[in-house]
Structures are given as structure tokens and as C-alpha cells.
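In what follows, chains carry the letters A, B, and so on, assigned in the order in which the sequence lines appear, proteins first and then strands, with residues in each chain numbered from 1. Because the structure is a prediction, the values reported are computed rather than measured.
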Number of protein chains: 2
Amino acid sequence: MSNMASMKKSEILKIIGQNVKRIRLEKGLTQVDLVGKIESRIDTTNISRIEKGRTNATIHTLFRISQALDVPLSEICNVQENKS
Amino acid sequence: MSNMASMKKSEILKIIGQNVKRIRLEKGLTQVDLVGKIESRIDTTNISRIEKGRTNATIHTLFRISQALDVPLSEICNVQENKS
DNA sequence: TCTTGACTTGTCAAATATGGCAAGTATGAA
DNA sequence: TTCATACTTGCCATATTTGACAAGTCAAGA
């Protein structure tokens, strides 16, 4: 049912961002907490833009976020509505 | 055992690239075949660079590739060695 | 009201991803 | 050897991410 083929760029960026925000909140972290746990520097500006779906983050940026959130990268990258 | 915390940028890019290449070959596709299946244009140059881990692709580019390969994005983003 | 914390958003500079083209490498077949 | 296919890599121009800072919004308290 997911009709992935027609998913627009803005849509998947929004889903990725929602994933990041949801996991961050589940861990009880603020954006400032999160960047504090990230190895090489990431700005809260960028976190905010990613969570809002305003930026098309690189995989390495998302990977660093996944490390700080202590979840697999694939969890952040879960954009599928449902699997058969 | 995965020691994700110390994974360097070049290492995760290499794994992402290996994932793309492996799945593409499993599907019996050439790079030219692959770009032919991608909605908005992607150059074989870029596919090659991603597969070789030479470029830090954006999530939207990897998403379009996952669509063309008919696999979930999370499969391309599977960089974990093994899960506990 | 004032303050604080959390987040968003604008702007800027620097780095780099992307698309495009051309040239090079490698393999296999004729 | 010659040719074709598949892929890699260098270069270029353009677009955009990223890091950084400043300013703004919003909600909860004191």
C-alpha cells in the first residue's frame, strides 16, 4: 500500500526527521543533549533542520545522529509505511 | 562486537556502497540499468562514486536508489556488523 | 512581567554532493 | 588485435549541506 514510487523528496525528508525527533524524545534528550553526544561536531541548527525535514542530510550526518541516539542507522532510515 | 562508536566516515561510506553494489548485482543490474530505473536523473558517475565509498550521499539519493532496486531504504543503510 | 529553556529560522562562508562529460581501465569475445 | 560492455576517475559548474552565529518564537514558571 505504501506506493513508494511516488514519494516526493520533501515527504521522505519529513519522515526521516520525524524518526529522529521521535527517537530523541523517547530517549528523553533535548537537541542540545543530542549534539553533546555526537562525536564530531553537529550544530543544533542542523538537527532542527533535519527534524523539520528542511534539509536533505548526508548519510554520514544521519549515522552520527544514530550513534548518539544509540539506535541502528536503519531505524532512522525506516521510511516504509508497512512491509508486505 | 561492532564498536560503532569508532567507525570512521570512510568506513561507513564504504559499507553503504557495498550494500548498493551487492543488491544491484543480486538483481542482475548494471549501473546503466539502475539509473534507467531511477525517477529523477542520477548519473552513473555518482552511482560509481557511491558504490566505491567516495562520496557521502544524501539520504534522498540513497532513497531513489533503494526505490530503483526495489528494496527498503533501511536495507541500504544497514551498517551494523551484528546485533546483540 | 521577566526569565529561562527548547526550538526554529535567517544569513553567511566553506565544504562537498550532484549531474554532466571525457578519458582511462579491465574484461571478454570475435 | 579490435571491439564492445561495464565501470572508474578527473574535471567542471551548480546546488545544497553543514557549521556557526544571531535573532525570533513559544511555553512554563517565578
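Considering only side-chain N and O atoms, B:Lys21 lies nowhere under 4.0 angstrom from the phosphate OP1 or OP2 of D:dA6. Distances shorter than 4.0 Å separate some side-chain N or O of A:Arg24 from OP1 or OP2 on C:dC7. Close to C:dT8, at under 4.0 Å from its OP1 or OP2, lies no side-chain N or O of A:Arg54. For the OP1/OP2 pair of C:dC7 and a distance below 4.0 Å, the side-chain nitrogens and oxygens of A:Ser48 include no atom meeting the criterion. Using a 4.0 Å cut-off, no side-chain N or O of A:Asn56 falls inside it from OP1 or OP2 of D:dT16. Between B:Thr58 and the phosphate of C:dA17, there is no side-chain N or O to OP1/OP2 separation shorter than 4.0 Å. Phosphate proximity of D:dT8 to B:Gln31: present, with a side-chain N or O under 4.0 Å from OP1 or OP2. Checking the phosphate oxygens (OP1, OP2) of C:dT18, no side-chain nitrogen or oxygen of B:Arg64 falls inside 4.0 Å.
Between the side chain of B:Thr45 and the base of C:dC21 there is at least one donor-acceptor pair of N/O atoms closer than 3.5 Å. For A:Arg49 and C:dT11, a side-chain-to-base donor-acceptor distance below 3.5 Å is present, hydrogens and geometry of angles not being considered.
Residue contacts shown for B:Asn46 are limited to sugar-phosphate atoms, with no base heavy atom under 4.0 Å away. Across all strands, A:Ile47 comes closer than 4.0 Å to no nucleic acid atom at all (heavy-atom distances).
Considering only heavy atoms from C-beta on, A:Ile76 comes within 4.5 Å of A:Ile16 through its side chain. The shortest side-chain heavy-atom distance between A:Met7 and A:Ile15 falls under the 4.5 Å cut-off. Counting only heavy atoms from C-beta outward, the side chains of A:Thr30 and A:Thr44 never approach each other to under 4.5 Å.
Atom-to-atom, NE2 of B:His60 to C1' of D:dA15 comes out at 14 Å; the value is rounded to the nearest Å. Rounded to a whole Å, the CG atom of B:Leu34 is 17 Å from the C1' atom of D:dT5. For the pair B:Lys9 NZ and D:dT17 P, the interatomic distance rounds to 15 Å; values are reported in whole Å. Atom pair B:Ile50:CD1 and D:dC7:C1' shows a separation of 15 Å (rounding to whole Å applied). Separating the CZ atom of A:Arg41 from the P atom of D:dC21 is a distance of 11 Å, rounded to the nearest angstrom.
Residue B:Asp33 is the one, among A:Ile42 and B:Asp33, whose nearest nucleotide of DNA chain D lies closer to the 5' end (criterion: closest heavy atom).
Among the nucleotides C:dC21, D:dT9, D:dT18, the one closest to any side-chain atom of B:Asp43 is C:dC21. When distances are taken from the side chain of B:Lys52 to each of C:dC7, D:dA6, D:dT8, the shortest belongs to D:dT8.
The distance from atom OG of B:Ser66 to atom CD of B:Glu75, rounded to the nearest 0.5 Å, is 9.5 Å. Within the model, atoms NZ of B:Lys27 and CZ of B:Arg22 stand 11.0 Å from one another, a figure rounded to the nearest 0.5 Å.
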